[in-house]
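Notes follow once the structure below has been shown.
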2 protein chains.
Amino acid sequence: MFQVPTKTQYAIRALVHLVHAKSASVASIAEAEHIPSKYLEAILGKLKNAGLLISERGRNGGYRLAKDPTLIPMSEVVQATEGEIRLVECVDNAAVCILGEGCLPRHFWLGLKSAVDLYLESVTLAEIAGPETSST
Amino acid sequence: MFQVPTKTQYAIRALVHLVHAKSASVASIAEAEHIPSKYLEAILGKLKNAGLLISERGRNGGYRLAKDPTLIPMSEVVQATEGEIRLVECVDNAAVCILGEGCLPRHFWLGLKSAVDLYLESVTLAEIAGPETSST
DNA sequence: TATAATTCCTACTAAATAAGTCTGAATATA
DNA sequence: TATATTCAGACTTATTTAGTAGGAATTATA
Ligand code: FES
Ligand code: FES
């Protein structure tokens, strides 16, 4: 349960890399982080669409962060790669629930979701990336 | 991300049923809860092996809770059906981690795991099952 | 003792999801 | 023009989850 997909782990590693690198191409990140480059390409695409990254095409192109890492909560990162967290179908979709609104399991799942959400919102990319090792 | 497996949802429904029913056969639970009975059979087997249920074979046999539902934290239930929560491989397995002990992503994942664990430990089966609707 | 109701055990199949690859177009720079 | 890059979509493969099938072992009871 709760296996965090490789995709998300890759995304985080790549973002951390970009915090330190300012700008980098897919290929260079893939090599540095040991991530299959074609796969990374797709992942960075998603991060871009989610507004976390800005890209530059063509020669000397690459990706860079769209905003300061202190302004990027991890919830956004996870959201970008996985989409909405949907623990259990009947939770989002009250109609599906057998027991209706008062359903206790429902409250249980909602509580779990909220525990996870709160945590993810409380941590920023900057904290995960650690002190900026500016190239001195 | 974080899809809770059907298996676990079934397990919870079955346990809630047993809180109210005291004792029941796989077939009767399966019917009442609309769960494929052969599948349920396997799930209850796991719950039994985990020490949550007690079984009686043969005619008039069935399953019942091994202990009072107020003494069963949901963490045990989840653990029983899914095994250890292992969010990310490198977290349990420090050797796998590229960055070693100080790895910040590692702390992030550990924090998430702990948020989830704390929540699961804080809720008991009794709370999910609600007031005992003893057959009056 | 025979029968029916049950748990238990093992192996298998099917469906869904995640991981990764391939091809090639579009774009920018030198 | 040649080269380095992002971008887009279809495709393949691997892994996990869900579900089925068949039958052995056990027990109550008729
Ligand atoms: S059965 Fe899932 S919310 Fe009620
Ligand atoms: S713990 Fe995962 S890379 Fe460090």
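Chain A is the first sequence line, chain B the second, and so forth, proteins listed ahead of strands; every chain is numbered from 1.
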Could you tell me how far apart [X] ([atom1]) and [N] ([atom2]) are, to the nearest whole angstrom?
X: A:Gln3; N: C:dA16; atom1: CD; atom2: C1'; result: 16 Å
X: B:Lys46; N: D:dG19; atom1: NZ; atom2: C1'; result: 14 Å
X: B:Tyr39; N: D:dT20; atom1: OH; atom2: C1'; result: 12 Å

Worksheet item: Base, backbone or nothing for each nucleotide of nucleotides 2-10 of chain C, written B, S, -, heavy atoms under 4.0 angstrom, 5' to 3'?
Response: ---BBBBB-
Would you say [X]'s side chain and [Y]'s backbone share a donor-acceptor pair under 3.5 angstrom?
X: B:His17; Y: B:Glu33; value: no
X: B:Gln9; Y: B:Val4; value: yes
X: B:Arg64; Y: B:Ile54; value: no

Discussion item. Test of understanding: with side chain to side chain donor-acceptor pair (under 3.5 Å), list the residues that count as partners of B:Glu76, not counting sequence neighbours.
Written reply: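 Testing B:Glu76 for side chain to side chain donor-acceptor pair (under 3.5 Å), a comparison that skips the adjacent residues, returns B:Lys67.
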Practice prompt. Give a yes/no answer on whether the side chain of B:Tyr10 brings an N or O atom under 4.0 Å of OP1 or OP2 in D:dA18.
Written response: no
Worksheet item: Looking at A:Thr6, does any N or O in its side chain come under 4.0 Å of the phosphate oxygens OP1/OP2 on C:dA19?
Response: yes
Discussion item. Determine whether the aromatic ring centres of residues A:Phe108 and B:Tyr119 are separated by less than 6.0 angstrom.
Written reply: yes
Worksheet item: So, A:Thr124 versus A:Thr70: side-chain donor-acceptor pair below 3.5 Å or not?
Response: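 No, because no side-chain N or O of A:Thr124 sits under 3.5 Å from a partner of the opposite role on A:Thr70.
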